[in-house]
Amino acid sequence: MRVKVSIIGAGQVGATAALRIAEQDLADVALVDVVKGLARGKALDLRQSAPVEGHARRIEGSESYRICKGSDVVVVTAGVARKPGMSRDDLLQINAKIVAEVIENVVAVAPEAILLMVTNPLDVTTYLAYKLSGFPRSRVFGMAGVLDTARFRAFIAEALNTAPEDVQAMVLGGHGDTMVPLPRYSTVSGIPITQLLDRKVIRAIVQRTRQGGAEIVKYLKTGSAYYAPASAIAQMVASILKDQKRILPTSVLLTGQYGLRNVFLGVPAVLGARGVEKVIELQLSVAERKALKRSAEHVRSTVAQLKQLGWEV
Ligand code: A3D
């Protein structure tokens, strides 16, 4: 049986995620974008790389959501990305409107799909998608933590001159400056990084991870990161479609875990065929718990802004 992933938004992140999903032979891909011809053109280009790349994935593009029918997973990347000097929250007003339109269309054609949100501000658009879709919490969640931990892992590997994939790490919290990288839960081939790097170096890496997105925006000027975000999307999609049950940091609706409820926040979650199958609760120090609470408050204040803008969510 063929599986299908729809990607809404055929921009930098969406198109690169389509490429990774097809080339990793994970699923057929349907790309949708509101800009006429964009998704069709990119899908056609991607299809023409198939003979050389050696996969037989079907890749379609359209302005119409009809091609999303029967999707197992829908990845939402539609929206505006940051420019230099902007925070992710600055995107709220415009991206909330886009996400609302997208969700209405997706629910109509793919009511059984799992929704993976990517549009920023991530934890807030995921909350909006959850409310508007009416889907259960296990089928609406957001990608951010896998990217944030990938950045953390890459910087640790560079500092130690070691293979990046041997570095495991954990980052909790909202996708923004209040994220909470956890050096205590970060290891290289099982060795805690606190035994390999001195405190000052770890502190600098934590800070660079927090600013990881902005550092790239500053260089690119006209947009934000997309290669690593697309890798993170593909990893989460793989865990779902192959029912791998990987434990990946995911923005999920908390229902009392970590002493928090009614807020989407990055926490370790088991991702499998049913979506979010379990949330893992880590033991946190007083400082870590406080930082996570601060992060939750930040996400809540952005949701409150959404309400002030007239959204009944
Ligand atoms: P970009 O290259 O501009 O692509 C966005 C695409 O969305 C464009 O092709 C638009 O035409 C399309 N679009 C806009 N409105 C609609 C609509 N109503 N329906 C369908 N398509 C529409 O941006 P990008 O791909 O670089 O980034 C996309 C989003 O992902 C932004 O909001 C980024 O901030 C966000 N992002 C999040 C992460 C996380 O880790 C959470 C990482 C990278 C990017």
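Order of listing sets the numbers, starting from 1, for every ligand and every atom in it.
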Using a plain distance cutoff, I'd like to know if Ser224 has any nitrogen or oxygen under 3.5 Å from a nitrogen or oxygen of ligand 1. no
Does anything in residues 149-167 form a side chain to side chain donor-acceptor pair (under 3.5 Å)? List the pairs, not counting sequence neighbours. none
Compare Gly9, Gly79, Ala17 and give the one whose heavy atom is closest to atom 5 (C) of ligand 1. Gly79
For Leu147, which part has a heavy atom under 4.0 Å from ligand 1: side chain, backbone, both, or neither? side chain
How does Leu122 reach ligand 1, if at all, at less than 4.0 Å between non-hydrogen atoms: by side chain, backbone, both, or neither? side chain
Check this for me - ligand 1, Val80, N or O atoms closer than 3.5 angstrom, yes or no? yes
Check Ala78 against ligand 1 and report side chain, backbone, both or neither, counting heavy atoms closer than 4.0 Å. both
Quick one: does ligand 1 sit under 4.0 Å from the side chain of Ala232, the backbone, both or neither, non-hydrogen atoms only? neither
Answer side chain, backbone, both or neither: which part of Arg88 comes under 4.0 Å from ligand 1, heavy atoms only. neither
Just go through Val76, Asn120, Val34 and tell me whose heavy atom is the nearest to atom 22 (C) of ligand 1. Val34
Checking heavy atoms under 4.0 Å, the part of Glu101 that sits near ligand 1 is side chain
Pair Arg184 + Glu288, salt bridge at N-O below 4.0 Å: yes
Looking only at distance, does Thr119 have an N or O less than 3.5 Å from an N or O of ligand 1? no
Backbone or side chain, does any N or O of His175 fall under 3.5 Å from an N or O of ligand 1? yes
Not counting sequence neighbours, list each pair that qualifies as a side chain to side chain donor-acceptor pair (under 3.5 Å) and has a residue in residues 7-26. Arg20-Ser231, Asp25-Arg57
Pairing donors with acceptors under 3.5 angstrom, does anything connect the side chains of His298 and Asp123? no
